[in-house]
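Proteins come first, then strands; the chains are lettered A, B, ... in the order of their sequence lines, and each starts at number 1. As a basis for the values below, the full set of heavy atoms in this structure was taken, side chains included, without hydrogen atoms, waters or symmetry mates.
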There are 2 protein chains.
Amino acid sequence: MAATLHDVARLAGVSIKTVSNVIHEYPHIRPATRARVEQAIAELGYTPNLTARSLRSGRTGAIALAVPELGLSYFAELAAAVIEAAEEAGVVVLVEQTGGDRDRELELLRSPRLKMTDGLIFSPLGMGQDDVDRLEVPYPLVVLGERIFDGPADHVTMRNVEAARAATEYLLASGRRRIAIIGAHEGEVIGSAGLRLRGYREALDAAGVAYDESIIGHTTLWHRSNGARCMRELLDRGAEFDAVFGLNDTLALGAMRVLQESGRRVPEDVAVVGFDDLDEAGYSIPSLTTVDPGQAWIARTAVSTLMERIADPDAAGPPRLLLADFRIVERESAPADRLAPAAVPTR
Amino acid sequence: MAATLHDVARLAGVSIKTVSNVIHEYPHIRPATRARVEQAIAELGYTPNLTARSLRSGRTGAIALAVPELGLSYFAELAAAVIEAAEEAGVVVLVEQTGGDRDRELELLRSPRLKMTDGLIFSPLGMGQDDVDRLEVPYPLVVLGERIFDGPADHVTMRNVEAARAATEYLLASGRRRIAIIGAHEGEVIGSAGLRLRGYREALDAAGVAYDESIIGHTTLWHRSNGARCMRELLDRGAEFDAVFGLNDTLALGAMRVLQESGRRVPEDVAVVGFDDLDEAGYSIPSLTTVDPGQAWIARTAVSTLMERIADPDAAGPPRLLLADFRIVERESAPADRLAPAAVPTR
DNA sequence: GTGAAAGCGCTAACAT
DNA sequence: ATGTTAGCGCTTTCAC
């Protein structure tokens with residue numbers, strides 16, 4: 001049905017090699033020949049069959065991105081940034097959702113469907129450090145997130161401990177002393193929750209503030225609804241606090257909502273800080289002070305690192321750990337100075 | 001490098017056809033042979049080369065989804081639903097972002113990169129009715145959204161006019177009379193903005209309420225920031241209104257934010273209604289009354305319709321228009337009864 | 001400057 | 001029940 005190189009060659013009265021030369025802009029072609037070929041291509045509406053090209057070249061021009069769920073704004077924004085960076089690099093992106101489920105993640109790593117792509121950017125959520133061997137795969141792989149460290153693949157991620165510590169120090173500096181946590185994972189050591197909680201504790205320790213288990217709210221998936229539920233539980237059990245550190249923005253926003261429903265004023269009674277700097281953090285009431293963990297850089301770096309590995313699969317080199325810079329974004333929910341409202345809301 | 005059918009066949013001491021038979025679970029294979037082949041497959045870690053399979057079969061097992069931007073929550077949620085539905089149908093999804101730019105949309109439709117997929121689910125934003133011919137493409141195509149009607153491809157979308165009319169009637173029924181609009185597109189007839197505005201006007205007309213250009217806020221891209229800006233402009237020019245209909249949730253949330261900054265109470269002074277029923281609509285302060293336009297159904301239907309066309313490209317049949325059901329989701333920003341607050345916030 | 005031909009890894013028709 | 005073989009459409013080496 002669709003025209004092939006042969007069809008074009010026949011119509012132009014040349015061989016397929018010549019057509020191929022024209023398509024690949026091989027320099028030494030007689031102008032007349034080139035014109036005839038181009039004419040034939042236009043006439044037939046020829047477009048190369050990329051599957052055939054892939055089979056021959058061993059490259060598909062596609063990469064895969066596996067995230068837990070696009071419904072989670074953090075991953076939607078990550079995917080947007082990855083797709084954009086990939087486009088600049090001339091490749092397309094196949095997006096998979098794992099649901100943060102370990103079995104699906106492991107299955108995905110072994111999936112032959114990946115054969116349709118040149119490499120994978122993988123953001124696991126269900127797998128843990130024990131699964132580190134499973135990252136030994138026969139294709140270029142870049143790992144994101146904080147579920148697994150020191151694996152056999154390049155790893156691009158954020159400075160969770162330092163950033164969470166900075167966020168906590170920010171709250172302490174503004175005069176808060178009882179900082180509740182929303183989103184802790186029971187017993188987790190690594191993982192976003194574990195690392196951010198560690199940063200939190202480091203900041204408390206450094207400031208000589210006691211860690212109080214009673215104001216640590218636990219939840220599993222970082223959905224908005226869980227942030228709300230988690231805050232409700234804290235309030236129900238009579239926890240007292242003057243600040244809340246949501247381990248991500250979605251949790252913080254869900255929690256802030258419940259906080260205000262309960263009659264507490266933000267930031268007057270309770271300051272709230274999130275983590276991620278999602279677009280919507282600038283538009284909540286009040287707008288959310290948060291940590292910008294460098295997601296844009298992470299996306300760009302993940303793509304460029306993967307593309308390097310794809311280009312040069314032999315030049316193995318040791319796996320790299322690449323860490324993004326972060327910064328605190330001050331907004332209304334937690335002004336730097338407890339007494340003064342944030343000067344101008346950052347958008 | 002990676003093992004091929006030949007490698008497996010050699011190791012198992014059979015022909016590639018036998019290996020192929022085992023892989024495809026062809027029934028008549030001697031158990032001993034099957035065992036030997038399976039053993040060889042495991043030993044070599046063989047996984048089929050999908051590119052080769054695609055070239056041979058003419059199917060890639062992938063579909064493409066083109067949306068303006070995953071950073072827009074509506075499209076993130078759409079993509080999530082499409083990927084999920086696609087997975088159930090056994091295909092993977094390649095996601096492209098067009099930025100809502102007409103040229104990029106047109107280019108994408110012609111792009112040979114689509115040769116890597118079996119079909120396309122396309123949500124245009126820059127193209128208009130004049131470009132309807134460009135949807136005549138040599139591969140299965142399902143169009144979403146409201147930029148183009150009566151095209152040559154199947155079209156899955158929502159009942160914009162009816163839903164917007166229902167939303168407006170809802171506000172009128174609750175006693176509001178001056179309903180401002182956020183997000184109108186100058187002179188647009190079709191398109192989400194144009195259709196929803198039409199529903200709005202129909203409701204006004206039916207109720208005998210005059211249409212007042214001075215409370216129609218215009219903007220282009222439906223970003224949160226534009227909703228905020230648009231509301232600021234309305235307020236700056238002294239517009240007076242007792243309700244706001246944001247033509248989508250993102251706009252409504254941005255607008256609601258500005259409204260409250262200006263000291264107005266929602267819903268007491270101004271009721272706010274959105275459109276889309278995004279996840280976050282349930283967690284704003286106040287939570288957002290909105291229209292659930294049936295996105296989940298749209299995603300499922302788009303995938304199943306596309307899969308049908310892929311399975312049977314000849315059984316052309318006339319292009320179909322498939323419309324989702326909608327419903328008003330009552331939350332706090334616009335209670336059904338102006339005087340009574342919404343009973344229980346819907347989560 | 002252009003052509004002929006091999007082969008990427010797989011499927012399926014045909015043969016045994 | 002299993003083997004042989006001809007392509008799918010392209011790239012690329014090697015001739016001419």
Side-chain angles (χ1 to χ4, degrees), chain A residues 1-41 44-62 112-118 138-139 313, chain B residues 1-41 44-62 112-118 138-139 313:
Chain A
M1 221 217 84
T4 74
L5 269 189
H6 283 97
D7 299 330
V8 176
R10 200 176 315 121
L11 182 61
V14 298
S15 82
I16 61 168
K17 173 66 203 257
T18 304
V19 179
S20 176
N21 281 342
V22 170
I23 289 167
H24 292 98
E25 300 181 337
Y26 178 74
H28 309 295
I29 313 167
R30 227 180 304 154
T33 315
R34 173 188 304 259
R36 242 177 328 132
V37 170
E38 280 170 349
Q39 157 74 18
I41 287 176
L44 294 171
Y46 169 79
T47 92
N49 179 318
L50 296 194
T51 305
R53 186 177 283 178
S54 294
L55 177 57
R56 183 61 237 237
S57 67
R59 289 283 164 72
T60 64
R113 298 202 295 195
L114 287 174
K115 277 281 164 54
M116 270 169 42
T117 62
D118 298 332
Y139 48 82
Chain B
M1 222 216 82
T4 75
L5 270 189
H6 282 97
D7 300 329
V8 176
R10 200 176 314 122
L11 182 60
V14 298
S15 81
I16 62 167
K17 175 66 213 264
T18 303
V19 180
S20 176
N21 281 343
V22 171
I23 290 167
H24 292 97
E25 301 181 338
Y26 179 72
H28 309 294
I29 313 170
R30 223 181 306 154
T33 315
R34 172 188 305 259
R36 236 172 340 127
V37 170
E38 280 170 349
Q39 156 74 18
I41 288 177
L44 295 170
Y46 169 80
T47 93
N49 180 319
L50 295 195
T51 305
R53 187 178 281 177
S54 294
L55 176 57
R56 183 63 240 235
S57 67
R59 289 282 165 70
T60 64
R113 298 203 294 192
L114 286 175
K115 278 279 165 56
M116 270 169 42
T117 62
D118 298 331
Y139 49 81

**OP:** Please report the closest heavy-atom contact between A:Val8 and A:Ile41, naming both atoms and the distance.
**Re:** CG1-CG1, 3.7 Å

Original post:
Between B:Thr60 (side chain) and B:Met116 (backbone), is there a donor-acceptor pair under 3.5 Å?
Top reply: yes

Original post:
Base, sugar-phosphate, or nothing for B:Ile29, non-hydrogen atoms under 4.0 angstrom?
Top reply: sugar-phosphate

**OP:** Please state how far atom CG in B:Asp7 lies from atom C1' in C:dC8, giving the value in whole angstrom units.
**Re:** 13 Å

Original post:
What's the CG-C1' distance between A:Asn21 and D:dT11, to the nearest Å?
Top reply: 10 Å

Original post:
Within less than 4.0 Å of OP1 or OP2 of D:dC8, is there a side-chain N or O belonging to B:Ser54?
Top reply: no

**OP:** Identify the two heavy atoms, one from B:Thr33 and one from B:Thr18, that lie closest to each other, and give their separation to 0.1 Å.
**Re:** CG2-CG2, 3.7 Å

Original post:
Would you say B:Ile23 and B:Val19 make side-chain contact, with heavy atoms under 4.5 Å?
Top reply: yes

Subject >> Under 3.5 Å: donor-acceptor pair, side chain of B:Ser20, backbone of B:Ile16 >> reply: no

Subject >> Main-chain N/O of B:Arg59 paired with B:Ser54 side-chain donor or acceptor, under 3.5 Å >> reply: yes

Original post:
Please give, in whole Å, the distance from D:dG9 P to A:Leu55 CG?
Top reply: 12 Å

**OP:** Take the protein atom CZ of A:Arg10 and the nucleotide atom P of D:dC10, then report the distance between them rounded to whole Å.
**Re:** 12 Å

Original post:
Within less than 4.0 Å of OP1 or OP2 of C:dG3, is there a side-chain N or O belonging to A:Ser15?
Top reply: yes

Original post:
Just how large is the angle between the end axes of the helix from C:dG1-D:dC16 to C:dT16-D:dA1, five pairs per end, to 10 degrees?
Top reply: 40°

**OP:** Respond yes when some side-chain nitrogen or oxygen of A:Thr51 is under 4.0 Å from OP1 or OP2 of D:dG9, and no when none is.
**Re:** no

Original post:
Does some side-chain heavy atom of A:Arg34 sit less than 4.5 Å from a side-chain heavy atom of A:Val37?
Top reply: no

Original post:
What do the steps show when you test A:Thr4 against A:Asn49 for side chain to side chain contact (heavy atoms under 4.5 Å, CB included), and what is the final call?
Top reply: CA-CA 8 Å; A:Thr4 74; A:Asn49 179 318; over 6 Å; no

**OP:** Grab the CZ-C1' distance between B:Arg36 and D:dA1 for me, whole Å please.
**Re:** 12 Å

Subject >> B/S/- contact track for nucleotides 10-16 of chain C, protein heavy atom under 4.0 Å >> reply: BBBB---

**OP:** Can you measure from OG (A:Ser15) to CZ (A:Arg10) and round to the nearest 0.5 angstrom?
**Re:** 13.0 Å

